[in-house]
There are 2 protein chains.
Amino acid sequence: MRERLIESTRELLWERGYVGTSPKAIQQRSGAGQGSMYHHFRGKPDLALAAIERSAAELCERAEQELSGPGGPLERVTAYLRRERAALRGCPVGRLTQDPDVMADPALRRPVEDAFARTRARLAGVLTEAQAAGELRAGLDPAATAAALIAALQGAYVLALAAGDAGVYRQAVEGALGLLT
Amino acid sequence: MRERLIESTRELLWERGYVGTSPKAIQQRSGAGQGSMYHHFRGKPDLALAAIERSAAELCERAEQELSGPGGPLERVTAYLRRERAALRGCPVGRLTQDPDVMADPALRRPVEDAFARTRARLAGVLTEAQAAGELRAGLDPAATAAALIAALQGAYVLALAAGDAGVYRQAVEGALGLLT
DNA sequence: GTCTATACTCCGATAGAC
DNA sequence: GTCTATCGGAGTATAGAC
């Protein structure tokens, strides 16, 4: 049951954010009762913490898969950027950033902060490799470029959601790749 | 009073989103009473519509100022990207995109959709000018590049919020400019 | 571990007096 | 135009039985 509660909370945080997710909704989706939920977790923030930590870890792992995968540095960056993502669902971690109650709680906020900091650093590292391999213009600042690329991904979700069209996500990603190569 | 209600709602939508903004909070911030609010507006969605339309219009106008301002095409794009923004407050329009209740209501959603569609188109136009002037690589797709740049801005807010540091916003913007020029 | 009962507050709105 | 009263439901939890 503990597991079902965490997964249901992850889904709801993704779909509706922290303020928009009520204990009752979590119970209904997971099939757990009131008592069960408060037995496993102290309350909504505690449950949210478990859910957020898992989502943040997943974000890092998936980035790591592509950025440490096979192929040359620029190829790996391209694979990372082009990965299939559910554009119209938004980013499960990036979304939390817009939630004042999450950002106001240091415990809830830390996993989000760490996930982006680590991914930015990892991407910057691969960009540095790309420069060393002569695949990328030497004049570019790897850290700033990494920030710009990850920002483009996060913003691509925003534009796709605004347009109600996943094609806009892909367009933005291809635009970023066009600038990079 | 009508005016104060709209402005208070704009602020609250910006800070806390649609789900996180209650009629009571609007009344307290604006100084209006229950009766006053429901006299001027039919309810929360009606008031939110007025607030969202104004914020969306403002987004377009400010973009227009820079993109139609003085200077060469690439210079105008740079001015647009580099404009001083309250990074840690997020984008008042982009934020709404993460709000399922806003996106589910066609009336509330339209201003958001239009604002981004128009800004993307306008920026693509200036990028085309830049290509014509030889200031920008001819191989780039203006529409995709415009989407990528606006996405980078929107995502820069996300990264800055995650890091709790406005410097990250500027870093991402400079990274995008580095790729562009 | 899970269930039911209970509590208190806030949400979003309506009604009618002034 | 604004105020107060009132309302049914949802949010977030605690207590105690099973």
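Chain A is the first sequence line, chain B the second, and so forth, proteins listed ahead of strands; every chain is numbered from 1.
If you take CG of A:Leu47 and P of D:dT12, they are 12 Å apart, rounded to a whole angstrom. Between the CG atom of A:Leu12 and the C1' atom of D:dG11 there is a distance of 14 Å, given to the nearest Å. Rounded to an integer number of Å, the gap from CG of B:Asp101 to C1' of C:dC11 is 13 Å. As a whole-Å value, the separation of A:Lys24 NZ from C:dA5 C1' is 14 Å. Distance, A:Ile26 CD1 to D:dA10 P: 16 Å, rounded to whole Å. Remark: C1' of D:dT12 and CD of A:Gln27 are 10 Å apart, rounded to the nearest angstrom. In this structure, A:Arg42 atom CZ and D:dT14 atom P are separated by 10 Å, rounded to whole Å. Rounded to whole Å, atom P of D:dG11 lies 12 Å from atom CE of A:Met37.
Side chain to side chain, A:Gln27 and A:Gln34 meet the donor-acceptor criterion of an N or O pair below 3.5 Å. Side-chain N/O atoms of B:Arg120 and A:Gln171 include a donor and acceptor closer than 3.5 Å. With no hydrogens or angles considered, no side-chain donor-acceptor pair links B:Thr21 and B:Arg16 at under 3.5 Å.
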Checklist entry - What do the steps show when you test A:Tyr157 against B:Val158 for side-chain contact (heavy atoms from CB on, under 4.5 Å), and what is the final call? => result CA-CA 11 Å; A:Tyr157 284 118; B:Val158 171; over 6 Å; no
Item to check | Criterion side-chain contact (heavy atoms from CB on, under 4.5 Å) on B:Ser22 and B:Lys44, from CA distance to verdict | outcome: CA-CA 8 Å; B:Ser22 69; B:Lys44 176 174 160 175; 5.8 Å; no
Checklist entry - Under the side-chain contact (heavy atoms from CB on, under 4.5 Å) criterion, do B:Tyr18 and B:Leu13 qualify, and how do the steps go? => result CA-CA 6 Å; B:Tyr18 185 82; B:Leu13 285 180; 4.1 Å; yes
Next on the checklist: Go through it in stages, so that I can follow the logic: the residues are B:Leu136 and B:Leu140, the test is side-chain contact (heavy atoms from CB on, under 4.5 Å), and I'd like the CA-CA distance, side-chain angles, deciding distance and then a yes or no.
Outcome noted: CA-CA 8 Å; B:Leu136 187 64; B:Leu140 295 173; 3.9 Å; yes
I'd like a table of atom pairs between the protein and nucleotides 2-5 of chain D - only N or O on both sides, under 3.5 Å - with the distance next to each one.
| unit_1 | atom_1 | unit_2 | atom_2 | d |
| --- | --- | --- | --- | --- |
| D:dT2 | OP2 | B:Ser36 | OG | 2.9 |
| D:dT2 | OP2 | B:His40 | NE2 | 2.9 |
| D:dC3 | OP2 | B:Gly33 | N | 3.2 |

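Between B:Ser22 and the phosphate of C:dC11, there is a side-chain N or O to OP1/OP2 separation shorter than 4.0 Å.
By the ring-ring contact (aromatic ring centres under 6.0 Å, His included) test, A:Phe116 is found to be paired with no residue, residues two or more places apart in sequence or in another chain being considered.
Using five terminal pairs a side, the axes of the helix from C:dG1-D:dC18 to C:dC18-D:dG1 at its two ends make an angle of 0°, given in steps of 10 degrees.
Cation-pi geometry between B:Arg95 and B:Trp14 is not met: the NZ or CZ atom fails to fall both under 6.0 Å from the ring centre and inside 45° of the normal.
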